[in-house]
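Beneath this line is the structure, given in structure tokens, with notes to follow.
Remember, it's 1-based here, ligands and their atoms both numbered in the order they're listed.
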Amino acid sequence: MKLLLVGAGLSGAVIGRHLAEAGHQITILEARDHVAGNCHTARDADTGVMVHVYGPHIFHTDDAQVWDYVNGFARFVPFKNRVKTTARGQVFSLPINLHTINQFYGQTLRPDAARAFIEAQADTSITDPQTFEEQALRFVGPDLYEAFFKGYTIKQWGLHPSALPAAILKRLPVRFNYDDNYFAHRFQGMPEHGYTAMVTAILDHPGITVHLNTRFTRDQADAYDHVFYAGPLDGWFDYELGRLGYRTLDFEPFRYEGDYQGCAVMNYGEEDVPYTRITEHKHFSPWEEHAGSILYREYSRACGADDIPYYPIRQVREKALLRDYVALAEQTQGVTFVGRLGTYRYLDMDVTIREALDTADAFLRDGSAPAFVHAPL
Ligand code: UDP
């Protein structure tokens, strides 16, 4: 069959490869001038450092099949993300771990004592935390919440943590040991030559044609047997019901001779520091040597019509609108909505790949695919 994929990010590349290998003829349209979507990497001409152009992306997964898949297209170098945060004039370790707790409270607690100590700070009257704030107050108590999460989250989401779902904070563990690995997954690494090289390798198949700098319009769908659309769900419908809200990011690059901050990601927990974090890209490739350094100060704001969407907001208003778009999508034939933008969800890279493989498998099994293989709601 002749199949059209909109978007050459992880979803488009993985679905395209899988279907091309099954003998289908794949055309991919990508609006930007590069593949790999928001995990795009490129070398900085001045320093030679591999830059995560749209912000930090660390590959981590518990899914052995997904890990094998990505290792089939890139050599991964073991990498652990050890994030720090600056707050109250000190540098602390994240995610909150025994070192963070002992430093913050000036203690020398061992694991069991720390657990009891934090439990005594926690608001145990919250039995079923719904909001980000309730989740924080229940599991770390007010002091750590105020220092590390409240200001950062207000900057990141433009909303008070009492208006955000608990799920956002559930991304971060609280540990009563000295494990400072940001992620708890079994497999973690960085592609040796960057994500764009990996995605380029996935797309390197005679059955796949990629057109960069090519904005999709809906009439183009008519020439194909089926479309997999990884663009914004509301964009498919020309935003006829209104726009689904996103946060976008602005990066303010700066350079430094030497090592500026000693780690890849330094968060800033306080609200009066206008940026959320500073990324020093060369620390994502510790096996490379670079005298110069390039860093990004990262600012978050509401996403306008011409901005690049990053984080779906998924608040009450957006969810109501999402329901209406899902209803429209379900009446639409011949298109499957995929990925972070197509299903309006906060997806990590490994989940995106898992879902892309499942989507392609479903299509191969059934000879067609519904509007959603993975439900947005
Ligand atoms: N967060 C926070 N303080 C931090 C780091 C994270 O309050 O120092 C909150 C914030 O609301 C963020 C969420 O935890 O959106 C998830 O953090 P994660 O590091 O997973 O975000 P990402 O790297 O995907 O932007």
Short N-O contact, Lys282 and Asp259, less than 4.0 angstrom:
no
Note down each nitrogen or oxygen pair, ligand 1 side and protein side, whose separation is under 3.5 Å; give only atom names and the distance to 0.1 Å.
| from | atom 1 | to | atom 2 | distance (Å) |
| --- | --- | --- | --- | --- |
| ligand 1 | 3 (N) | Phe148 | O | 2.9 |
| ligand 1 | 7 (O) | Phe149 | O | 3.2 |
| ligand 1 | 7 (O) | Thr153 | OG1 | 2.9 |
| ligand 1 | 8 (O) | Asn267 | ND2 | 2.8 |
| ligand 1 | 11 (O) | Thr153 | OG1 | 2.8 |
| ligand 1 | 11 (O) | Trp157 | NE1 | 3.4 |
| ligand 1 | 15 (O) | Trp157 | NE1 | 2.8 |
| ligand 1 | 19 (O) | Tyr182 | OH | 2.5 |
| ligand 1 | 20 (O) | Arg171 | NE | 2.8 |
| ligand 1 | 20 (O) | Arg171 | NH2 | 3.2 |
| ligand 1 | 21 (O) | Tyr346 | OH | 3.1 |
| ligand 1 | 23 (O) | Arg277 | NH1 | 3.1 |
| ligand 1 | 24 (O) | Arg171 | NH2 | 3.3 |
| ligand 1 | 24 (O) | Tyr346 | OH | 2.6 |
| ligand 1 | 25 (O) | Tyr311 | OH | 2.5 |

Name each donor-acceptor pair under 3.5 Å that joins a side chain in residues 262-276 to protein atoms two or more places apart or in another chain, with its distance.
| from | atom 1 | to | atom 2 | distance (Å) |
| --- | --- | --- | --- | --- |
| Glu270 | OE2 | Arg88 | N | 2.5 |
| Thr276 | OG1 | Glu298 | O | 3.2 |

Is any NZ, NE, NH1 or NH2 atom of the basic residue among Arg323 and Glu318 found under 4.0 Å from an Asp or Glu carboxylate oxygen of the other?
no
Side chains of Thr196 and His40: any donor to acceptor distance under 3.5 Å?
yes
Charged N-O contact under 4.0 Å between Arg82 and Asp180:
yes
Under the 6.0 Å and 45° cation-pi test, does Arg32 pair with Tyr54?
yes
